[in-house]
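No hydrogens, no waters, no symmetry mates; every other heavy atom, side chains included, goes into these values. Proteins come first, then strands; the chains are lettered A, B, ... in the order of their sequence lines, and each starts at number 1.
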Amino acid sequence: MVTNVTSFGRSGLADWVVQRVSAVILAAYTLFLVFWFLQQADVQYTQWVALFESTGMRIFSLLALLSLVAHAWVGVWTITTDYLTPLSLGKAATAVRFVVQCACMVALFVYLVWGIDILWGN
Amino acid sequence: MLTVSIYRYNPETDSAPYMQDVQVDTGGKDLMVLDVLELLKGQDESIAYRRSCREGVCGSDGMNMNGKNGLACITPLSETVKKNKLVLRPLPGLPVVRDLVVDMSIFYKQYEKIKPYLINDNPAPAIERLQSPEEREKLDGLYECILCACCSTACPSFWWNPDKFIGPSGLLQAYRFLADSRDDATQERLAELDDPFSVFRCRGIMNCVSVCPKGLNPTRAIGHIREMLIQRAT
Ligand code: SF4
């Protein structure tokens with residue numbers, strides 16, 4: 001058993017499930033938007049606003065946003081623990097890895113709050 | 001004449017590893033790579049490599065031949081040589097002791113971690129613990145592993161985290177005991193594996209499957225472990 005406190009769900013299985021489920025949600029959201037664009041003859045500001053007026057679309061968007069944040073966390077965490085290790089960076093590895101992980105998490109948090117503000121703010 | 005480019009490193013005399021080109025007369029025969037090494041050793045006895053059974057059973061002579069891991073004793077030249085050249089390197093990702101000999105300690109440590117023995121606290125029956133033919137069948141494709149390390153040293157996840165990711169070989173063995181009807185420690189074994197490194201560093205690129213000299217499929221075993229973990233947790 002390898003313990004780790006910076007991974008998303010603390011358990012390998014939880015991270016794995018989160019990664020898969022969030023991928024499906026993001027794929028569904030992307031496909032929905034692509035089809036929506038194809039359906040519209042010409043997309044203007046009014047249609048775009050109308051689309052995001054509906055609560056359903058806002059919930060779907062927030063779900064996609066949360067999925068994006070979780071997906072990115074699991075992914076970036078995996079990359080940092082693959083490449084920012086003592087094997088490649090020597091003694092500084094732990095400090096570098098921790099700083100990069102924190103920076104990514106802060107960025108993701110900012111995107112999340114910013115995204116909620118865009119969806120529900122006025 | 002075959003050109004063999006062989007990785008040489010003797011930590012006592014060399015400051016860095018280097019590749020040495022040697023010409024070998026194979027007599028036009030389709031020799032095994034190990035036979036070529038024996039010929040080389042006849043010319044220069046300082047060349048170091050491991051070997052024992054010379055028939056793909058002991059797993060000692062795992063090495064990287066023209067970029068692909070395998071056992072030198074059962075790899076014919078016709079299968080690996082390109083443009084009359086054979087490049088021999090030690091298994092990638094492990095510390096080199098000398099020439100083609102690598103230090104396998106970390107590989108064995110991962111093997112040790114999965115407790116590669118039957119755990120059963122029930123009193124042993126008078127003769128033996130019986131299995132039905134179906135139960136026994138589940139171990140096929142698992143028990144044949146000879147621990148040659150060709151798979152784990154072909155796996156990037158093992159290269160990056162050899163101390164945390166168990167690696168294809170160890171996980172194949174982990175599943176061998178998870179699948180054994182005589183083993184009682186399934187839950188404890190699964191609990192040990194449910195962290196972000198031990199099993200889940202596998203990204204399913206299947207390098208292990210493509211190099212295994214015994215034709216085993218560690219990726220499938222890892223998939224079964226993941227299924228068991230999901231079953232246990234949902
Ligand atoms: S699974 Fe195959 S390649 Fe891996 S250690 Fe066992 S025999 Fe060697």
Q: Give the ring-plane orientation class for B:F200 versus A:W16, where under 30° counts as parallel, over 60° as perpendicular and anything between as tilted.
A: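 It falls in the tilted class, 30° to 60°.
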Identify which part of [X] has an atom lying under 4.5 Å from any heavy atom of chain A, answering side chain, backbone, both or neither.
| X | result |
| --- | --- |
| B:P162 | side chain |
| B:R203 | side chain |
| B:I166 | neither |

**Q.** A:D82/B:R201 ion pair, N-O < 4.0 Å
**A.**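 Between B:R201 and A:D82 there is a salt bridge, with a charged N closer than 4.0 Å to a carboxylate O.
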(Q) Check whether B:K68 reaches the backbone of B:S210 with its side chain - one donor and one acceptor, N or O, closer than 3.5 Å. (A)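 Confirmed, B:K68 side chain pairs with B:S210 backbone.
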**Q.** Largest heavy-atom contact set with chain A, pairs under 4.5 Å, which of B:L193, B:I230, B:D163
**A.**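 When all of B:L193, B:I230, B:D163 are compared, B:I230 has the most.
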Q: Among B:K164, B:K113, B:R226, single out the residue with the greatest number of heavy-atom pairs under 4.5 Å to chain A.
A: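 The residue among B:K164, B:K113, B:R226 with the greatest pair count is B:R226.
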Can you tell me which portion of [X] sits under 4.5 Å from chain B's heavy atoms? Options are side chain, backbone, both or neither.
| X | answer |
| --- | --- |
| A:T78 | both |
| A:F8 | neither |
| A:L13 | both |
| A:S11 | both |

Q | For chain B, the option from A:V74, A:T85, A:T81, A:D15 that forms the most heavy-atom pairs under 4.5 Å | A |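 The candidate making the most pairs under 4.5 Å is A:T81.
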(Q) When you measure from the centre of the six-membered ring of B:Y143, is the NZ or CZ of B:R136 closer than 6.0 Å and no more than 45° off the axis? (A)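 Pair B:R136/B:Y143 counts as cation-pi.
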Q.
Apply side chain to side chain contact (heavy atoms under 4.5 Å, CB included) to residues B:R8 and B:M19 and explain how you reach the verdict.
A. CA-CA 6 Å; B:R8 300 301 306 269; B:M19 298 302 291; over 6 Å; no
Q.
Between B:D183 and B:N120, is there a side-chain donor-acceptor contact under 3.5 Å, judged purely by atom types and distance?
A.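 No, B:D183 and B:N120 have no side-chain donor paired with an acceptor closer than 3.5 Å.
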**Q.** Spacing of CG belonging to B:D180 relative to CZ belonging to B:R129, to within rounding of 0.5 Å
**A.**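 Atom-to-atom, B:D180:CG and B:R129:CZ are 10.5 Å apart.
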